[in-house]
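A quick write-up on the structure given underneath.
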Amino acid sequence: MQDVSIIALFLFILFLLLGTGVWIGLALLGVAFVGMELFTTRPVGDAMLTTVWSSSSSWTLTALPLFIWMGEILYRTRLSEDMFRGLSPWMRSLPGGLIHTNIVGCTIFAAVSGSSAATLTTVGKMSIPELRRRNYPERLVIGTLAGAATLGLMIPPSLTLIVYGVTINESITRLFMAGVLPGLVLAALFMAYVAIYSKIAKNYNPTPEPSMSLRERISNSRFLIPVLILISVVIGSMYLGYATATEAAAFGVIGALVLAATQRSLTWSTFTASLMGATRTSAMIALILAGAAFLSLAMGFTGLPRGLANLIASWELSRFELLMVLLVFYIVLGCFLDGISSVVLTMAVVEPMIRQAGIDIIWFGIFIVVVVEMAQITPPIGFNLFVLQGMTNHEMTFIARAAFPMFLIMVLMVFVLIAFPELATWLPDNMRAAVRPTG
């Protein structure tokens, strides 16, 4: 009963602060401060200073601003235009046609960005005008873009996986490798949905594309080669054990700068804009992580995580039942918080549960990312929905309905992961031993 009252107090203070417009990071610090004052005799100020400093000075965390900066540089170059020119000749002959450029484009850009919002904005600016001009169904254009943009949370470099790894002190490199195959499978499920929809929908009647020879297709593919090389360098260096995630991020930034320079789109204004954009995003996430670290410490002193873990253990749930409870929990939480906040806010309580249940911590990272992806397209706070509303001027209800099939496909992906856990564990388990665990 005491645990319930403590939880109620924590939640009341948290939502009170969030409801008054306080930043999430500061709200987490405020909740932890009040909890420490009320339920412990520890010196709160000293504990807060120590925790904030230790969470902010983590070497692993340096991968975060570097990957964000890499995505920001590419976001401000002509990459999106070149990507569409390189992809469209190959996508046009697939069942569903050029709609697949949304999915494949998001998959490729996710592998150099790590951000769902950056992926959505970049690919959306590229594809929406082109697909509208070719008379593709608006609902499918919007829906596939909303769903496929969430791949930025899973396919490395994933900012959410970096935050998850830092929060539970797990190797970022192993988590990145775990996200590759599930990300590709999820993209394949999206593409299968488009193919089926194009065959059964009566309103699917896009303007036919002019014929193109194999030589012309190969010629246009040259626009994709630079970004594919960049992806190979970043992911391959981690998989082969030549670089940790932080070192791979540094390679990625250098590669992005070189790519932008060869495109002749690297100007002083784009350079400074990318640097400031990365600084703002990194500072926001670092503040959230610092607040979450202090909240975890405060909750640890109250004994709340251990008490909740013991309570759930007393229910004697099977692994599957526990995962279903967490699935529903994160879907509901995702309706009100963004993905990174959901992860850092809950790990202090959830981590002991999953370890006690014997669930692989790497596999659970991919499970939680898939569920957090759903939060990006669920109203009322689905971030991708807001971005799409600004880009298309559609009503929120229209965008949410368009994205709903993608939500169901992600639910299916959760069950695929449960049925085939090797999707998430095979690559990390087969990485070269040279990979250093600090990655």
Side-chain angles (χ1 to χ4, degrees), residues 6-7 9-69 114-115 158-172 175 244-246 249 275-306 308 333 337-352 365 368 372 438-439:
I6 294 174
I7 292 172
L9 181 62
F10 272 115
L11 290 177
F12 172 76
I13 297 170
L14 176 63
F15 285 110
L16 177 66
L17 291 172
L18 291 176
T20 55
V22 176
W23 293 348
I24 292 175
L26 294 179
L28 296 177
L29 287 169
V31 172
F33 190 92
V34 172
M36 290 275 285
E37 283 284 7
L38 292 180
F39 300 110
T40 72
T41 56
R42 306 268 179 171
V44 183
D46 291 347
M48 183 169 68
L49 287 173
T50 304
T51 307
V52 169
W53 171 253
S54 61
S55 67
S56 303
S57 58
S58 163
W59 168 248
T60 308
L61 197 58
T62 48
L64 186 71
L66 288 171
F67 277 128
I68 293 172
W69 190 19
S115 165
S158 162
L159 305 186
T160 307
L161 282 177
I162 294 175
V163 169
Y164 174 80
V166 170
T167 306
I168 65 164
N169 196 28
E170 185 54 73
S171 166
I172 306 298
L175 285 167
T244 63
T246 305
L275 195 57
M276 292 306 298
T279 302
R280 282 191 294 269
T281 305
S282 303
M284 176 193 70
I285 295 174
L287 181 60
I288 292 174
L289 281 172
F294 188 39
L295 181 59
S296 298
L297 179 72
M299 293 177 76
F301 281 141
T302 65
L304 184 60
R306 194 181 311 110
L308 281 177
L333 191 65
L337 289 176
D338 67 276
I340 288 175
S341 302
S342 298
V343 171
V344 297
L345 187 61
T346 56
M347 273 302 106
V349 175
V350 172
E351 185 185 356
I368 202 172
V372 162
T438 55

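Numbers here are sequence positions counted from 1. Since the model is a prediction, treat every value here as computed from it, not as a measurement.
- The two residues L175 and G165 come nearest to each other via the heavy atoms CD1-CA, 3.5 Å.
- Nearest approach of F294 to T51, heavy atoms of both residues: N-CG2, 3.6 Å.
- In this structure, V372 and V343 approach most closely via the heavy-atom pair CG2-CG2, 4.1 Å.
- Side-chain contact check for V52 versus L29: some heavy-atom pair is nearer than 4.5 Å.
- Distance check, rounded to the nearest 0.5 Å: CG of L287 to CG of L26 gives 5.0 Å.
- No option in T167, T160, I168 other than I168 meets the side-chain contact (heavy atoms from CB on, under 4.5 Å) test with Y164.
- Smallest separation of non-hydrogen atoms from A47 and M36: CB-CE, 3.6 Å.
- Here the shortest heavy-atom pairing between P65 and A278 reads O-CB, 4.4 Å.
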